[in-house]
Peer 1: 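Once you've had a glance at the structure underneath, I'll fire off some questions.
Throughout, protein chains are lettered first and strands after them, A, B, ... in sequence-line order, and every chain is numbered starting at 1. Keep in mind that this is a model prediction, so the values were computed, not measured.
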Amino acid sequence: MDDEADGNERNDERIKPRTLKGFRDFLPEAMIPRERIMDIARRVFRSYGFSPIDTPALEYLDVLLGKGGAETDKQLYRFQDHGGRDVGMRFDLTVPLARFAAQHIGTLGTPFKRYHIACVWRGENTQRGRYREFMQCDFDTIGAKNVAADAEVVLVVHDLLRAIGFERFTIRVNNRLVLSGLLESIGLQSHATDVLRALDKLAKIGPERVVEEIQQTAGASAKDAACIVEMVQLSGPNDAVLAQLRPLVSGSERGKEGVDRLSELLSAVSTAGVPAERVRLDVSIARGLDYYTGTVLETTLDDLPTIGSVCSGGRYDNLAELYTNQQLPGIGASLGLDRLLAAMEELGMIEKTRTPAQVFIPYFDASRLGDYLHLAAELRSAGLAVEVYPEPTKLGKQLQYADRKGFRVAVIAGEREFAAGECQIKNLTTTESVTVPRDAVLAEVQRVLAK
RNA sequence: GUGGCUAUAGCUCAGUUGGUUAGAGCGCCAGAUUGUGGAUCUGGAAGUCAAGGGUUCGAGUCCCUUUAGCCACCCCA
């Protein structure tokens with residue numbers, strides 16, 4: 001009676017476990033592929049000389065405010081700390097990079113290449129695939145104006161997607177100067193943001209409605225709006241699009257520069273070895289953000305175009321102008337980790353595994369704990385990931401556990417094997433098993449794993 | 001932030017015009033003569049029907065509020 005009463009009381013007081021709106025837990029099954037992608041990203045970034053940095057999750061509020069405009073200000077998580085300071089949580093990695101660069105570029109020198117893989121927070125309304133805490137994988141080169149840095153971004157994106165396992169994808173590139181040039185020649189450059197915002201919706205709402213929106217928000221004439229939309233829809237081989245673009249921007253120095261830079265970029269990237277079908281000049285790529293000033297790029301998966309861009313970025317003239325007088329041009333891009341994982345899931349590219357280890361050692365003979373741990377240590381020192389079952393329970397139960405967790409091979413030894421100086425190596429995928437002498441265990445395990 | 005839809009076991013869902021102790025499948029745990037997993041069989045645990053309030057003799061079922069999720073808008077990653 002007493003027990004029951006106590007139990008109920010505790011039940012009532014118990015806090016209901018739940019995750020905050022817009023925040024997520026990651027189970028091993030989700031986290032293993034997630035970490036794999038992050039590892040690949042790190043490896044690719046580093047292979048180009050990008051260095052890791054980190055910055056605090058919290059910044060002084062004034063550092064974060066103002067850059068993104070009213071909309072991002074609203075999404076900002078903000079509060080006062082215990083010392084009464086106004087602070088905010090970073091909502092992207094670009095603003096912290098700007099602050100970081102303004103503060104440290106003197107000691108770092110330029111050009112400075114960094115990558116930054118970290119969580120950011122936005123208190124906006126949630127939607128499928130959109131959370132209030134999410135991870136960004138950014139890489140940027142600061143202090144380099146030459147098209148070489150732009151080309152390198154395309155190469156990194158290309159290497160990254162291939163390393164992750166994609167073959168069919170398209171990196172769409174454009175240059176803001178092309179559009180600015182056109183807007184300049186028809187006198188609409190002061191409404192560039194409105195026009196860009198409308199163009200971003202082209203795929204979504206269609207050309208007619210974009211023309212309407214440009215007229216409404218940017219005050220363009222029907223003819224000019226139609227001209228913009230028409231230019232943006234140019235398609236065909238990159239060279240052909242470039243050729244069509246040239247006369248359209250002939251009246252504007254900026255426009256010409258944009259076309260020249262695009263031409264140089266495409267040619268460099270192609271010579272560097274990126275297959276033509278993976279890079280496309282797409283004049284409709286605008287990117288809504290106003291801070292992009294030159295090259296812009298988006299990457300779509302050919303087998304799942306509807307999911308949108310999985311990797312995008314661009315060039316900006318002056319990253320840190322809010323924080324320093326020093327002119328810091330840069331270019332970079334960001335991998336959309338969550339979106340990419342969603343795509344891989346849908347394309348069946350995610351291997352179902354719930355363990356990061358491949359080798360399983362059952363704790364079979366209760367008196368032999370030390371021998372099992374020693375065997376595991378030996379295999380680990382050869383670079384394998386090995387788990388020893390933590391309870392000396394029935395062998396069948398242990399193998400069932402190994403099977404469910406997705407181990408690939410089990411190294412089984414009981415009284416008989418210990419007496420004979422042998423081990424049984426069992427391929428958990430095929431159920432085949434062989435018994436080998438103790439000193440041949442590593443080689444046999446490696447042989448099975450190699451299949 | 002605005003509008004709409006939804007909420008029953010760990011998961012996917014049943015649950016008859018409001019009417020006894022709320023069900024199934026999968027999963028989980030334990031067994032089927034004690035050294036070998038995925039199959040089968042048997043048994044078991046598990047839900048104050050999202051939370052709170054209201055209508056009613058009676059609410060999983062109707063109404064309100066809150067919370068969370070989904071969809072659209074806005075915006076963006």
Peer 1: In the strands shown, is B:U65 matched to any nucleotide by a Watson-Crick or G-U wobble pair with both distances under 3.5 Å, and which?
Peer 2: B:A51

Peer 1: Taking only the C1' atom of each, what is the distance from B:U48 to B:G3 in whole angstrom?
Peer 2: 34 Å

Peer 1: Using whole Å, report how far CD of A:E29 lies from P of B:G27.
Peer 2: 15 Å

Peer 1: When both hydrogen-bonding distances must be under 3.5 Å and the geometry is Watson-Crick or G-U wobble, what is B:G18 paired with, if anything?
Peer 2: none

Peer 1: Between B:G54 and B:G18, how far apart are the C1' atoms? Round to whole Å, please.
Peer 2: 15 Å

Peer 1: Using a heavy-atom cut-off of under 4.0 Å over every strand shown, decide if A:I412 touches base, sugar-phosphate, or nothing.
Peer 2: base

Peer 1: Could you identify the nucleotide paired to B:C11, looking across every strand shown and requiring Watson-Crick or G-U wobble geometry with both distances under 3.5 Å?
Peer 2: B:G25

Peer 1: Taking A:A357's backbone N and O only, do any of them form a donor-acceptor pair with A:T355's side chain (distance below 3.5 Å, no angle check)?
Peer 2: yes

Peer 1: Is any side-chain N or O of A:R368 closer than 4.0 Å to OP1 or OP2 of B:G35?
Peer 2: no

Peer 1: What is the nucleic acid contact for A:G396, judged by heavy atoms within less than 4.0 Å: base, sugar-phosphate only, or nothing?
Peer 2: sugar-phosphate

Peer 1: Might you confirm whether atom CZ of A:R380 has over 12 heavy atoms from other residues, nucleotides or ligands at distances under 6.0 Å?
Peer 2: yes

Peer 1: What integer number of Å spans the C1' atoms of B:U17 and B:U66?
Peer 2: 30 Å

Peer 1: Applying a 4.0 Å non-hydrogen cut-off, can you work out what A:F360 is touching in the nucleic acid: base, sugar-phosphate, or nothing?
Peer 2: nothing

Peer 1: Can you tell me how far P in B:G47 sits from the matching atom in B:C64, rounded to whole Å?
Peer 2: 30 Å

Peer 1: Under the criterion side chain to side chain donor-acceptor pair (under 3.5 Å), I'd like the reasoning laid out for A:Y316 against A:D140: C-alpha separation, chi angles, the key distance, then a yes or no.
Peer 2: CA-CA 10 Å; A:Y316 36 84; A:D140 288 81; 2.5 Å; yes

Peer 1: Distance check needed: B:G37 P versus A:F364 CZ, whole Å only.
Peer 2: 11 Å

Peer 1: By centroid distance (under 5.5 Å) and plane angle (under 30°), are A:F134 and B:A77 in a stacked arrangement?
Peer 2: yes

Peer 1: Considering only the P atoms, how many Å lie between B:A59 and B:G19, rounded to the nearest integer?
Peer 2: 11 Å

Peer 1: Does a donor on one side chain sit under 3.5 Å from an acceptor on the other, for A:R172 and A:T300?
Peer 2: yes

Peer 1: Atom CG of A:D138 to atom C1' of B:A77: distance rounded to whole Å?
Peer 2: 10 Å

Peer 1: Can a salt bridge be assigned to the pair A:R162 and A:D159 using a cut-off of 4.0 Å between side-chain N and carboxylate O?
Peer 2: no

Peer 1: Do A:T170 and A:D302 have a side chain donor and acceptor closer than 3.5 Å?
Peer 2: yes

Peer 1: With a cut-off of less than 4.0 Å, is there a side-chain N or O of A:K394 near OP1 or OP2 of B:G37?
Peer 2: no

Peer 1: What's the gap between B:G38 and B:C26 when it is taken at their C1' atoms, as a whole Å value?
Peer 2: 15 Å

Peer 1: In whole angstrom, give me the gap between the C1' atoms of B:C49 and B:G60.
Peer 2: 5 Å

Peer 1: With a 3.5 Å cut-off and heavy atoms only, can you find an N or O donor on one side and an acceptor on the other between the side chain of A:R18 and the base of B:A50?
Peer 2: no

Peer 1: Taking atom types as they are modelled, is there a donor-acceptor pair under 3.5 Å from the base of B:C76 to the side chain of A:R130?
Peer 2: yes

Peer 1: It should be established whether A:T126 places a side-chain nitrogen or oxygen under 4.0 Å from OP1 or OP2 of nucleotide B:G69.
Peer 2: yes

Peer 1: Would you classify A:Q127 as touching base, sugar-phosphate or nothing, given that sugar-phosphate means primed atoms plus P, OP1 and OP2, and contacts are heavy atoms under 4.0 Å?
Peer 2: base

Peer 1: Determine, using ring centers only, whether A:F418 and A:Y372 are less than 6.0 Å apart.
Peer 2: yes

Peer 1: If the P atom of B:A7 is compared with that of B:C62, how far apart are they to the nearest Å?
Peer 2: 9 Å

Peer 1: Atom CD of A:Q400 and atom C1' of B:A30: how far apart are they, to the nearest Å?
Peer 2: 11 Å

Peer 1: Name the residue closer to the 5' end of RNA chain B, choosing between A:S334 and A:L20 according to the nucleotide with the nearest heavy atom.
Peer 2: A:L20

Peer 1: Mind checking who B:A30 pairs with, Watson-Crick or G-U wobble, both distances under 3.5 Å?
Peer 2: B:U42

